[in-house]
Amino acid sequence: MENILNLSRQPKTLDLERTDDGTLRLVITLKKLGQVSAMEYFLDGDDARKLAEALGR
């Protein structure tokens with residue numbers, strides 16, 4: 001996987017990666033009170049465009 005973006009503001013981390021098949025993978029991780037919670041989203045082309053538009057505003 002190719003790491004495109006990594007934002008870290010403890011206790012949160014956001015990673016955006018491109019998988020081997022070209023799909024974008026968004027992972028949000030929270031580390032708090034000794035526990036680690038991670039949410040993983042796979043974005044198709046339409047999702048990626050919508051996210052890019054929302055962040056570009």
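Just so you know, these numbers come straight off a predicted model, no measurement behind them.
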Please step through side-chain contact (heavy atoms from CB on, under 4.5 Å) for the pair Phe42 and Thr19, ending with a clear verdict. CA-CA 9 Å; Phe42 288 93; Thr19 63; 4.1 Å; yes
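Side chains of Leu24 and Ile4 form a contact here, defined as non-hydrogen atoms less than 4.5 Å apart. Within the 4.5 Å cutoff, side-chain heavy atoms of Leu55 are placed close to those of Leu51.
Taking OG1 of Thr29 as the reference point, atom CE of Met39 lies at 8.5 Å (rounded to 0.5 Å). In this structure, the separation between NZ on Lys31 and NZ on Lys12 is 13.5 Å, given to the nearest 0.5 Å. The structure places CG of Leu16 at 11.5 Å from CE of Met1, a figure rounded to the nearest 0.5 Å. Atoms CG and CZ, on Asp15 and Arg25 in that order, are 8.0 Å from each other to the nearest 0.5 Å.
Evaluated for a side-chain contact (heavy atoms from CB on, under 4.5 Å) with Leu14, the options Leu26, Val27, Asn6 yield exactly one hit, Leu26.
Side-chain atoms of Ser37 and Gln35 form no donor-acceptor pair, as typed in the model, at a separation below 3.5 Å.
Leu7 and Leu43 fall within the same hydrophobic cluster, where Ile, Leu, Val, Met, Phe, Trp and Tyr residues are linked whenever their side-chain heavy atoms come under 4.5 Å apart, directly or through other members.
Summarising the local packing, CG of Asp20 is surrounded by 12 or fewer heavy atoms from other residues, nucleotides or ligands at distances under 6.0 Å.
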